[in-house]
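First comes the structure, then the notes that go with it.
Each ligand, and each atom within it, is numbered from 1 in the order the structure gives. Just so we're clear, the structure is a prediction, and the values are computed from it rather than from any experiment.
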Amino acid sequence: MNQRIFLSPPHMGGTEIKYIKEAFDTNWIAPTGPNIKAFENDLCAYTGSSYAVALSSGTAAIHLALLVLGVGEGDFVLCQSLTFAASANPIVYVGATPVFIDSESLTWNICPNALEDAIQFYVRTGKKPKAIICVHLYGMPCRLNEISAICRRYGIAIIEDAAEALGSVYNGKQLGTFGDLGIFSFNGNKIITTSGGGALISNNKSYIEKALFLATQARDTAPHFQHSEIGYNYRMSNVCAGIGRGQMKVLGQRIIQRRANFNLYKNLLRKIPGINFQVESAGSLSNRWLTTIILHEDLGITPENVRLNLASQQIESRPLWKPMHLQPIFSNAPYFGSNVSKELYQTGLCLPSGSDLPQEKLLDICLLITGMVKK
Ligand SMILES: *Cc1c(COP(=O)(O)O)cnc(C)c1O
């Protein structure tokens with residue numbers, strides 16, 4: 001019986017257990033302790049960000065980013081439509097309205113033209129959006145030059161959802177450090193994991209101090225648990241942060257392994273006209289968290305055919321994220337763009353991309369796909 005191949009399984013480096021053991025030996029089994037500070041320092045050193053706060057999830061990080069920017073009831077937040085729901089849900093948590101923006105076909109990320117159309121529309125009606133949430137999908141940097149310029153021109157804050165893009169680079173700088181705030185996720189399927197977790201980074205000290213305050217139940221400085229604001233229980237556990245410390249040691253390797261997966265897939269599949277990949281533009285380096293393909297309609301096979309065929313061989317693949325403006329829960333939300341994200345969704349597939357994926361398996365997957373095309 002074949003061993004099941006997962007899309008993106010956790011991949012430990014070996015030293016994680018040492019930091020977990022340290023937490024146990026010193027009895028720091030709590031959402032406070034030395035692993036947390038050390039993990040935050042590792043993140044700052046790696047990304048070049050001045051400040052970081054380790055949290056219980058990437059979703060919590062986005063929620064706090066919105067709160068520290070003062071986004072609330074009646075505000076509008078522009079958000080990439082082609083993404084995981086966790087990019088958008090926190091906009092609703094704070095009582096604001098998400099406005100979804102289409103993708104452009106090269107990076108599959110937020111389209112600068114549609115973004116500017118949306119901003120101009122809301123500026124005209126006297127409701128300038130408070131923030132934008134741009135996403136670096138599957139590790140691919142979005143068009144940060146253009147997006148930053150637009151946001152600067154209109155004075156709109158940027159939250160970079162780099163949940164999938166830790167270690168990706170744009171113009172020599174780590175993703176997550178371009179926006180006013182950046183977020184990472186360390187969920188079990190991300191490029192590195194703390195089993196579950198996230199982080200918020202920024203060069204603005206007061207943002208990170210405020211986020212830490214809100215993440216730890218918003219306690220005023222008093223011994224008697226006094227509260228002047230609504231807080232949250234969003235801090236990362238010291239045990240999980242230990243896993244994070246170990247994972248940071250292998251992040252560089254993980255990026256090399258994921259990029260090697262991508263290059264092998266590309267070399268084996270690009271012979272088939274009609275299979276396309278996400279493209280790194282000049283100055284961009286993707287961590288290639290997931291290798292994703294587009295199957296052109298002329299090929300005569302759908303992503304769903306391929307997914308089911310792979311599944312019959314115990315191999316997990318997955319459709320692209322279903323765009324938010326097509327989700328039942330957001331069917332009434334405003335949307336700007338044409339149909340780029342919808343078409344990507346309908347023709348795309350995420351292939352197994354684990355950093356420990358055996359090369360023979362990857363070859364099997366490609367053979368299976370090429371075999372389907374010939375028929
Ligand atoms: C995983 C992910 C998140 C959420 O992170 P969690 O740690 O799972 O809460 C947010 N945005 C994107 C694009 C993601 O892929």
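Of the N or O atoms in G58, one or more lie within a sub-3.5 Å distance of an N or O in ligand 1. Distances between N or O atoms of W289 and those of ligand 1 include no value under 3.5 Å.
A donor-acceptor contact under 3.5 angstrom links the side chains of E160 and H136, judged on distance only. For the residue pair T291/N261, the side-chain donor-acceptor check at 3.5 Å is not satisfied. Defined by atom type and a distance below 3.5 Å, a donor-acceptor pair is present between the side-chain atoms of R245 and N35. In the model, N203 has a side-chain atom that pairs as donor or acceptor with a side-chain atom of S50 under 3.5 Å.
Here the heavy atom of the protein found nearest to atom 9 (O) of ligand 1 is T59 OG1, 2.4 Å. The protein non-hydrogen atom at the shortest distance from atom 2 (C) of ligand 1 is K190 NZ, 2.8 Å. When only non-hydrogen protein atoms are considered, atom 15 (O) of ligand 1 lies nearest to E164 OE2, 2.5 Å. The closest protein non-hydrogen atom to atom 11 (N) of ligand 1 is D161 OD2, 2.8 Å.
By the criterion of a heavy-atom distance under 4.0 Å, the side chain of T83, and not its backbone, is placed next to ligand 1.
With hydrophobic clusters built from ILVMFWY side chains whose heavy atoms lie under 4.5 angstrom apart, L344 does not share a cluster with F100.
In summary, the aromatic rings of Y234 and H63 are positioned with their centroids under 6.0 Å apart.
For ligand 1, the atoms closer than 4.0 angstrom to any heavy atom of F84 are 2 (C), 3 (C), 14 (C). Close approach of ligand 1 to A86 (heavy-atom distance below 4.0 Å) involves ligand atoms 3 (C), 4 (C), 10 (C). Of all atoms in ligand 1, numbered sequentially from 1 with element shown, those under 4.0 Å from a heavy atom of N187 are 8 (O). Close approach of ligand 1 to S185 is summarised as follows: ligand atoms under 4.0 Å from at least one heavy atom of the residue are 1 (C), 5 (O), 6 (P), 7 (O), 8 (O). In the vicinity of G197, heavy-atom distances shorter than 4.0 Å reach the ligand 1 atoms 7 (O). Remark: ligand 1 atoms within the under-4.0 Å shell around heavy atoms of A163 are 2 (C), 3 (C), 10 (C), 11 (N), 12 (C), 14 (C). The atoms of ligand 1 that sit less than 4.0 Å from any heavy atom of S57 are 7 (O), 9 (O). Close approach to S87 involves these atoms of ligand 1, each under 4.0 Å from a residue heavy atom: 11 (N), 13 (C).
Formation of a donor-acceptor pair under 3.5 Å by the D102 side chain with backbone atoms of Y335 is not found in this model.
A cation-pi arrangement is absent between K128 and Y154 under the rule of less than 6.0 angstrom and at most 45 degrees off the ring axis.
In this structure, A86 and I62 approach most closely via the heavy-atom pair O-CD1, 3.5 Å.
Crowding of I329 atom CD1: a count of heavy atoms from other residues, nucleotides or ligands under 6.0 Å not exceeding 12.
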